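All of these numbers come straight from a predicted model, not from anything done at the bench. Throughout, a chain's letter reflects where its sequence line sits, starting with A, and its residues are numbered from 1.
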Amino acid sequence: MLSCGLPLRCVGPACPSGCLSCRFPLCGRSCHRRGVAAIVSDKLLQWYDAHARDLPWRARPAEPAPEPYRVWLSEVMLQQTTVAAVKPYFEAFTLRWPTVEQLAAAPEEDVMAAWAGLGYYSRARNLVKAARAVAELGAFPDTEEGLRELPGLGAYTAAAVAAIAFGRRAVVVDANVERVVTRLFNLTDPLPGVRKAIRTCADTITPEERAGDFAQAMMDLGSSICTAREPKCLLCPLANDCRARAEGDPAALPVKAPKKAKPVRQGRAFWLEHDGSVWLVRRDGKGMLGGMRALPDDGWSARGDGADNYPVDGAWQPLGLVRHTFTHFTIELSVERLFVDAPPPGAGLWWPTATIDEAGLPTLFAKAARLALA
DNA sequence: TATTCGTGGAC
DNA sequence: TGTCCAAGAAT
């Protein structure tokens, strides 16, 4: 086996010269670690310059950074959400609210409705809060620490916005980076325990310059080459530096803890109709689908079935069953209809059924509406 | 650290 | 059809 002849104290990807003897824990010293890391980040940036995806919220490589508002908005939308799903929402939001000040001035209800269908609705609630905080401040914070104070910005998003919008050196770790780094360094311990090691390793290859491009390059690599299933190692610009490829199994990383089974819950949703309109309520505060418009229901949740209690007495007509799977449980929702002359007790509003698509219903209730109007 | 938060596409 | 998965945050 060829040796590169450098001190055997380094960490990180295999030596670019082919040396496979540099497999030692992080020494943190100025051995040739820096040299190896710089080569890796340079290779990745060169690959990015040639292969970066063209996305609505993104500047082309080496171009001036896009507006912080667009970076922030896209990053929040992209949390646990695919690029394809985000695109139309990003276009709609930036068209309707071109600046963070305009978003800050919008009624929360309108923002929630515009977010309907995208999921994880606490993001929309925090989006409004953060926009108002930024409007109050006069501008986005331009450091990772400052951004971290805004609601809805965790470690990942604060680092990403700091790097992409403000050119700060920040260690940006998302699921793509976790996958790339566990493979590049052959980190075989399971998530989430391995996260500290991932961060340490990601830090070693994060460059001082172009940290934003580097972060996006890692994400593009993770989404197109270093994919969860069947990674395309033959196309990978870092193949020769990848320790999992040399000595392990890239496709088996990262190792994850087994998942819990999802319970199936039963519940009812109530379609109260009067004069061509349906009665909609607004779900309260924090929990599941919090703040979203919805059909009245019988109190089902992730923890239990509905209580089988109807909002008003009458000859309710069962219309069918809607099955919908959330992250941690499945709901079988019986949709039942009653024609009434007066609104039920409690807050709500009559919404014309002809324009139900514009009510901003989350997907479960949009399915129920589709059933009721079929 | 573990759980609770959506949704739609790929396979 | 079922399972996995995605630019995570808050608690």
*Asks:* By the definition salt bridge (charged side-chain N to carboxylate O under 4.0 Å, His left out), identify the one residue from A:Arg282, A:Lys129, A:Arg125, A:Arg132 that meets it with A:Glu108.
*Replies:* A:Arg282

*Asks:* Is the phosphate of C:dA6 approached by A:Gln80 (side-chain N or O, under 4.0 Å from OP1 or OP2)?
*Replies:*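 Checking C:dA6 against A:Gln80, no side-chain N or O comes under 4.0 Å of OP1 or OP2.
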
*Asks:* Do A:Asn176 and A:Arg179 pair up side chain to side chain, a donor and an acceptor below 3.5 Å, judged on atom types alone?
*Replies:* yes

*Asks:* If you look at every strand shown and take non-hydrogen atoms under 4.0 Å, does A:Leu55 touch a base, only sugar-phosphate, or nothing?
*Replies:* base

*Asks:* From CD1 of A:Ile331 over to P of B:dG6, roughly how many Å is that when rounded to an integer?
*Replies:* 13 Å

*Asks:* Does A:Ala215 reach a base, just sugar-phosphate, or nothing at all? Heavy atoms under 4.0 Å.
*Replies:* nothing

*Asks:* Do the side-chain N or O atoms of A:Thr157 get closer than 4.0 angstrom to the phosphate oxygens (OP1, OP2) of C:dA9?
*Replies:*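 Checking A:Thr157 against C:dA9: at least one side-chain N or O falls below 4.0 Å of OP1 or OP2.
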
*Asks:* Answer yes or no: side-chain N or O of A:Arg53 and base N or O of C:dA7 forming a donor-acceptor pair under 3.5 Å.
*Replies:* yes

*Asks:* Using the side-chain heavy atoms of A:Asn126, tell me which of these nucleotides is nearest: B:dA2, B:dG8, C:dA10.
*Replies:* C:dA10

*Asks:* Check whether any side-chain nitrogen or oxygen of A:His328 sits under 4.0 Å from OP1 or OP2 of B:dC5, and answer yes or no.
*Replies:*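 Yes.
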
*Asks:* Starting from P on B:dG8, measure out to OH on A:Tyr120 and report it in whole angstrom.
*Replies:* 13 Å

*Asks:* Give one of base, sugar-phosphate or nothing for A:Arg303, where a contact means two heavy atoms less than 4.0 Å apart.
*Replies:* sugar-phosphate

*Asks:* Rounded to whole Å, how long is the line connecting atom CH2 of A:Trp115 with atom C1' of B:dC5?
*Replies:* 13 Å

*Asks:* Can you check the A:Met292 CE to B:dC5 P distance for me, whole Å?
*Replies:* 15 Å

*Asks:* Taking atom P in both C:dA7 and B:dT4, compute the distance separating them and give it to the nearest angstrom.
*Replies:* 24 Å

*Asks:* Can you tell me the distance, in whole Å, between the CD atom of A:Gln216 and the C1' atom of C:dA7?
*Replies:*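 In whole Å, C:dA7 C1' lies 9 Å from A:Gln216 CD.
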
*Asks:* Using only heavy-atom distances, decide whether a donor-acceptor pair under 3.5 angstrom links the side-chain of A:Thr325 to the base of B:dG6.
*Replies:*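 No pair found.
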
*Asks:* Reckon A:Ala175 touches a base, only the sugar-phosphate, or nothing at all at heavy-atom distances under 4.0 Å?
*Replies:* sugar-phosphate

*Asks:* Does the side chain of A:Thr355 come under 3.5 Å of the side chain of A:Glu358 through a donor N or O and an acceptor N or O?
*Replies:* no

*Asks:* Would you check if there is a donor-acceptor pair between the side chains of A:Ser334 and A:Glu336 at a distance under 3.5 Å?
*Replies:*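 Side chains of A:Glu336 and A:Ser334: pair found under 3.5 Å.
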
*Asks:* Sticking with atom C1', work out how far C:dG8 lies from B:dT1, rounded to a whole angstrom.
*Replies:* 16 Å

*Asks:* Starting from P on C:dG8, measure out to CG on A:Leu118 and report it in whole angstrom.
*Replies:* 13 Å

*Asks:* Please compare A:Glu230 and A:Gly193 by the position of their nearest nucleotide in DNA chain B and report the one closer to 5'.
*Replies:*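 The residue closer to the strand's 5' end, by nearest nucleotide, is A:Gly193.
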
*Asks:* When rounded to the nearest Å, what value does the distance between P atoms of B:dG8 and C:dA9 take?
*Replies:* 22 Å

*Asks:* Go through the side-chain N and O atoms of A:Lys367 and A:His324 and say whether any donor and acceptor fall under 3.5 Å apart.
*Replies:*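 The criterion, which ignores hydrogens and geometry beyond distance, is satisfied for A:His324 and A:Lys367.
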
*Asks:* In terms of side-chain heavy atoms, does A:Tyr48 have a donor or acceptor partner in A:Arg210 at a distance below 3.5 Å?
*Replies:* no

*Asks:* Classify the side-chain pair A:Arg58/A:Gln216 by whether it contains a donor and acceptor separated by less than 3.5 Å.
*Replies:*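 Yes, A:Gln216 and A:Arg58 have a side-chain donor paired with an acceptor closer than 3.5 Å.
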
*Asks:* Does A:Thr327 have a side-chain nitrogen or oxygen under 4.0 Å from the phosphate oxygens OP1 or OP2 of B:dG6?
*Replies:*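 Checking B:dG6 against A:Thr327, no side-chain N or O comes under 4.0 Å of OP1 or OP2.
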
*Asks:* Heavy atoms only, 4.0 Å cut-off, all strands: where does A:Leu289 land among base, sugar-phosphate and nothing?
*Replies:* sugar-phosphate

*Asks:* On DNA chain B, nearest-nucleotide positions of A:Ala302 versus A:Ala84: which is more 5'?
*Replies:* A:Ala302

*Asks:* Under 4.0 Å between any heavy atoms, over every strand shown, what does A:Gly117 touch: base, sugar-phosphate, or nothing? Just pick one.
*Replies:* sugar-phosphate

*Asks:* Can you label the angle between the A:Trp300 ring and the A:Phe329 ring as parallel, tilted or perpendicular, going by 30° and 60°?
*Replies:*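 It falls in the tilted class, 30° to 60°.
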
*Asks:* Can a side chain N or O of A:His324 be found less than 4.0 Å away from OP1 or OP2 on B:dT7?
*Replies:*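 Checking B:dT7 against A:His324, a side-chain N or O does come within under 4.0 Å of OP1 or OP2.
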
*Asks:* List the residues meeting ring-ring contact (aromatic ring centres under 6.0 Å, His included) with A:Trp279, not counting sequence neighbours, and say none if there are none.
*Replies:* A:Trp350

*Asks:* When the distance from CZ of A:Phe90 to P of C:dA6 is rounded to whole Å, what number comes out?
*Replies:*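 After rounding, the gap between these two atoms is 22 Å.
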
*Asks:* Examine B:dT7: is either OP1 or OP2 under 4.0 Å from a nitrogen or oxygen in the side chain of A:Tyr121? Give yes or no.
*Replies:*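 True: A:Tyr121 side-chain N/O within range (under 4.0 Å) of B:dT7 OP1/OP2.
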
*Asks:* Check for a donor-acceptor pair, side chain of A:Ser223 on one end and backbone N or O of A:Asp220 on the other, with a separation under 3.5 Å.
*Replies:* yes

*Asks:* So what does A:Met288 touch, heavy atoms closer than 4.0 Å: a base, only the sugar-phosphate, or nothing?
*Replies:*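 Contact class for A:Met288: sugar-phosphate only.
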
*Asks:* In terms of side-chain heavy atoms of A:Thr363, which of C:dA10, B:dG8, B:dG6 is nearest?
*Replies:* B:dG8

*Asks:* Taking atom C1' in both B:dG6 and C:dC4, compute the distance separating them and give it to the nearest angstrom.
*Replies:* 15 Å

*Asks:* Expressed as a whole number of angstroms, how long is the span from A:Tyr156:OH to C:dA6:P?
*Replies:*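 Answer to the nearest Å: 13 Å.
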
*Asks:* Distances for protein N/O vs nucleotides 3-5 of chain C N/O pairs under 3.5 angstrom?
*Replies:*
none

